Amino acid sequence: MAEENRSQWNSRFGFMMAMIGSAVGLGNIWRFPNVIYFNGGGSFLIPYIVALFLLGISFVMVEYALGYRFKSSISKILYSIHQKLEPVGWVVLLIIFLILTYYVCVVGWDLIYFLLSFSKGWGADPNTYFAVNVLQASAGIEGITTFVPGVLIAVFIIWLVIFTITQSDLNKGIEFVSKILIPVLCLMVVIIVVFSLTLPGAGVGLTQLFTPDWNQLLNFNVWLAAFGQIVFSLSLGMAIAVTYSSYLPDGSKLVDSALTVAFSNSAFEVFNSVGVFAILGFMSVASAIPISGIITEGSYMGLAFIVFPQVFNVMGAYAFIIGPLFFGCILFAGITSAIALVEPISLTITEKFNIKRNKSAALVCGLGLLVSLLFTTQAGLFILTAFDTFLNNFALLLTIVIECIIFGWIYDFDKLIETMNEYSTIKVGKTWKFIIRYALPICILIFWISGVGNLIFDFDPVSQIIMVILAIVLVGGSIILSILPAKNDNYYKVLDSVRGK
Ligand code: PFF
């Protein structure tokens, strides 16, 4: 069943830190505060918690059970279930590869801001600084032929860091780095939150954040936003949990681990947004602008790279400590998430094409850097928005529905229940099965259908062309990668556990 000589985590702590590192990322730090603010404040926590259980925990457990049971890459697992399903695995891998290419770019911007924060180098007008000085952003695709040197260098450095980490084996690379970065990250966030609560005006921010707007619970879009946030924040459907749990030793408590990771990720984002809003409250009082005037809709990027520099400008000398801490947090969270996106792809390449682990990771980083070049041009932000919308709201959600159907209906789901419960303290059963078979795919499909509407109507024609190209790459690429013959005969050996032994 399990292949010999597979990597294995040295400790449960290492595995948990890597899992939390894969989940806690840009989504927790700059996405969540925006999402909660615009979707009803305190009352958003209700759809959020529903989404956490219905979607987050339920699906992450499927990924855990698959990885642990089959000890294989996602495409091989799918091939084992049915030969024709292999392309679904490759679609997932291509999606996360493309997500990785722009995710690295946002981490690169953050590196620039981390360095700027030591001297408040963004100047008096952070808004203009971000668009004109850092990104040199063009309104449309026309800037695609001009590279932005600063962003190019930053993106190159981040790829180099990822390359270096992924060149080591599992334990010296991902496990070691996560064991250091995640505790440091938590400490940094605690310092930021404690400090921010001492600022004058902190209470104003917290009232804004948590005052519930119960009417919003009747708003369909608020529920969709909760589902979207959980998918993004937990890195759902990206085969990361499948890959990481395939490195677990026998006897692991899967349900306990899945719950710990999911709750830690949510606790992190709720806790962090307390700090973010306390700081925004301070800004609001200091500059006599209501919070609604400081944080504007759709400005995920804006919150980190425009609003926070504005805040640091009025914070005085403390900003020289809190600024680097804040951008340092995003940097650490971003790097641990990025290395998690490399792993499922390089593992699959290793398994199918019999290429050594470090070489396949190098291949992913090299090709990734090439695609990332797109985002280092003046049209970077424009292209990035199209990539992000298509891949996250459209493609990824669809693959989660397909996976629910495959694992809930085509595969014998009871085997996954058995695997999850084997050593766990907390047991799962019929409710989980019902969620994966019915509740989850139906909810996501509703979300997905409303997303398709937005894609078609809200975007300009060039973005729509970019999305069509992405769709062609996903479908064409996955078919080609499935047809290419494996260089490793084991790849085509149907896994025993699939045959029900
Ligand atoms: N879950 C991580 C985050 O919240 O940033 C990582 C991640 C999310 C990576 C979404 C990629 C992505 F599309």
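Predicted model, so just to flag it, every value in this text is computed and none were measured. We count ligands from 1, going down the list as the structure has it; atoms in each ligand are counted the same way.
The side chain to side chain donor-acceptor pair (under 3.5 Å) contacts involving residues 366-376 comprise W159-S372, where partners must be two or more places apart or lie in separate chains.
With S346 contributing its side chain and A361 its backbone, the two residues share no donor-acceptor pair below 3.5 Å.
Around ligand 1 you find S22, A23, G25, L26, G27, N28, I99, Y103, F232, S233, S235, M238, S337, L341, N392, each with a heavy-atom distance below 4.0 Å.
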Could you list the donor-acceptor pairs under 3.5 angstrom formed between side-chain atoms of residues 91-103 and any protein atom two or more places apart in sequence or on another chain?
| unit_1 | atom_1 | unit_2 | atom_2 | d |
| --- | --- | --- | --- | --- |
| T101 | OG1 | L98 | O | 2.5 |
| Y102 | OH | D388 | OD1 | 2.6 |
| Y102 | OH | N392 | ND2 | 2.9 |
| Y103 | OH | L26 | N | 3.1 |

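Among L170, T166, I349, the one residue that satisfies the side chain to side chain contact (heavy atoms under 4.5 Å, CB included) test with R357 is L170.
Remark: E86 pairs with K352 by the salt bridge (charged side-chain N to carboxylate O under 4.0 Å, His left out) rule, at least two apart or across chains.
Ring centers of Y48 and F32: under 6.0 Å apart, within the cut-off.
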